[in-house]
Visitor: 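Quick one: this structure, given as structure tokens, is what I'll be asking you about.
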Amino acid sequence: MTDLTQLGKQAKETAYQLGLMDTKTKNDLLQFMADELEKNIDSILTENRKDLAAAKENGITDTMLDRLRLTGERIKDMADGIRQVSTLPDPIGEVDKMWKNEDDLMIGKQRVPLGVIGIIYESRPNVTTDAASLCFKTGNAVILRGGKEAFHSNQILVTILQQALEKNGASPFAIQFVDDTSRETAQHLMKLNDYLDVLIPRGGANLIKTVLTTATVPVIETGTGNCHVYVDKDAQLEMATNIIVNAKCQRPSVCNSAETLLIHQEVAADFLPVIEKALSEYNVELRADERAIAIFEQAIPATEEDWETEFNDYILAVKVVDSLNEAIHHINRYNTKHSESIISDNYFATQQFLQQVDAAAVYANASTRFTDGFVFGFGAEIGISTQKLHARGPMGLEELTSTKYIVYGDGQYRK
């Protein structure tokens, strides 16, 4: 079993050093890490093939295999993500505001690292480099515990990043990897309070639930994505078709893909045959309510569970609603607070949707697939936070910081 206590001690010591590292040094190291990834593409692909072979033997679906699969292009994208992080402003040391109080004390609020971050995640190897680069830029040491599906891929990625640090005289303990994927080790990590400042789970509903109910370390919840697209009676139907096909079919295994389509009853008869034909090109299975089934040529009845499910597959739940209010009510009841979209040319309808839907990202006339730290300009992301404390939505550099107050006096004491 991995000695998590030793990893924790090493991370704690390194975090202090990272907190003092200047921005140029961090940026230069990040650039070097990115270069090293690209130099080692063949080695990374060799290890990734081991994971893919094991996953196929275990009967993992094609859509889940897509989450796991690396290509030369995807590795270059991972390297580019690290480079983009290196070009972003460094939040550490920034003073958000400063004021003088009635005692003539100058009080400033300064950004500081969180310290040591633990991340438990599942089958996407790009999480390894995203998390490592964001944590490093913000002066946080990170302990990464990936899933068994991507074990070999994650291990070599961390090894390359650690070697890049060592070649430049920096501590490899800034980025550490838990090489034991057992449940016992994961549960131990969830309770490593002496060393972890925060734990971030990134994965499916079962992982999130386990962490939330088990961890004694403070947790930032990055939720599952039961995302909806609502087609309003005033929607442009061609626009709606393009958005829904993109949101459902581009990468159905990711958390920002659409899982439920809601359609206003006034346009259902015209629109549902069109979207059925468009989705049939991707062999999307439709699970629909009674009114939608009456219009579709091929669909199966939706169950209560379907409205609650993140399918991560070519499956879409479909419901006809009587009004915008009904759509909002349905979304707020069943969603996971991730990403929701309305398609409408009615300004007042879009404004009501944007204001009343409870989610980390709410769109008008755009695909939910845009909820992504890279797309939002954060370089990468640590995850999509669906909670409301500390951080919400794509978590970039600022979300990996805390604050402290710096206070300048001139001999004052409190009377």
Visitor: Please determine if R74 and D77 form a salt bridge, counting it only when a charged side-chain N lies under 4.0 Å from a carboxylate O.
Guide: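 Salt bridge flag = no for D77 with R74.
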Visitor: Would you be so kind as to tabulate the donor-acceptor pairs closer than 3.5 Å made by side chains of residues 309-319, with sequence neighbours excluded?
Guide:
unit_1: T309; atom_1: OG1; unit_2: E305; atom_2: O; d: 2.6
unit_1: E310; atom_1: OE2; unit_2: G225; atom_2: N; d: 3.1
unit_1: N312; atom_1: ND2; unit_2: S253; atom_2: O; d: 3.1

Visitor: Ion pair present between E221 and K337, side-chain N to carboxylate O less than 4.0 angstrom?
Guide: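 No, E221 and K337 are not salt-bridged.
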Visitor: Using a strict cut-off of less than 4.0 Å between a Lys/Arg side-chain nitrogen and an Asp/Glu carboxylate oxygen, indicate whether K137 and D90 qualify as a salt bridge.
Guide: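 Salt bridge absent between K137 and D90.
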Visitor: For residues I120 and L189, determine if any side-chain heavy atom of one lies less than 4.5 Å from a side-chain heavy atom of the other.
Guide: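 The answer is yes, as the side chains (C-beta and beyond) meet within the 4.5 Å cut-off.
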Visitor: If you look only at pairs with a residue in residues 368-383, which of them pass as a side chain to side chain donor-acceptor pair (under 3.5 Å), with sequence neighbours excluded?
Guide: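 Sorted pair list: R202-E381, Q250-R369, N256-R369, S339-T371, Y363-T371.
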Visitor: Could you list all the ring pair (Phe, Tyr, Trp, His ring centres under 6.0 Å) pairs where at least one residue sits in residues 201-233, not counting sequence neighbours?
Guide: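 Applying ring pair (Phe, Tyr, Trp, His ring centres under 6.0 Å) to every pair that reaches into residues 201-233, excluding sequence neighbours, yields H228-H330.
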Visitor: Side-chain contact test, heavy atoms from C-beta onward, threshold under 4.5 Å: evaluate it for I220 versus E399 and give yes or no.
Guide: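 Heavy-atom side-chain distance check fails, nothing below 4.5 Å.
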Visitor: Does anything in residues 259-272 pair up under side chain to side chain donor-acceptor pair (under 3.5 Å), and if so which pairs, sequence neighbours excluded?
Guide: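 Sorted result for residues 259-272: K248-E259.
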Visitor: Would N242 and M239 satisfy side chain to side chain contact (heavy atoms under 4.5 Å, CB included), going step by step from the backbone distance to the final call?
Guide: CA-CA 5 Å; N242 293 334; M239 176 195 293; 5.7 Å; no
Visitor: Under 4.0 Å between a side-chain nitrogen and a carboxylate oxygen: does that hold for D3 and K9?
Guide: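 Looking at K9 together with D3, the answer is no, because their closest N to O distance does not fall below 4.0 Å.
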Visitor: Pick one: which of N332, N335, I328 meets side-chain contact (heavy atoms from CB on, under 4.5 Å) with E340?
Guide: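 Only one option passes, and that is N335.
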Visitor: Report the residues that fulfil ring-ring contact (aromatic ring centres under 6.0 Å, His included) with F271, sequence neighbours left out, ordered by chain and then residue number.
Guide: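 With sequence neighbours excluded, F271 shows a ring-ring contact (aromatic ring centres under 6.0 Å, His included) to no residue whatsoever.
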Visitor: What residues form a side-chain hydrogen bond (donor to acceptor under 3.5 Å, both in side chains) with T25, not counting sequence neighbours?
Guide: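 So T25 forms a side-chain hydrogen bond (donor to acceptor under 3.5 Å, both in side chains) with D22.
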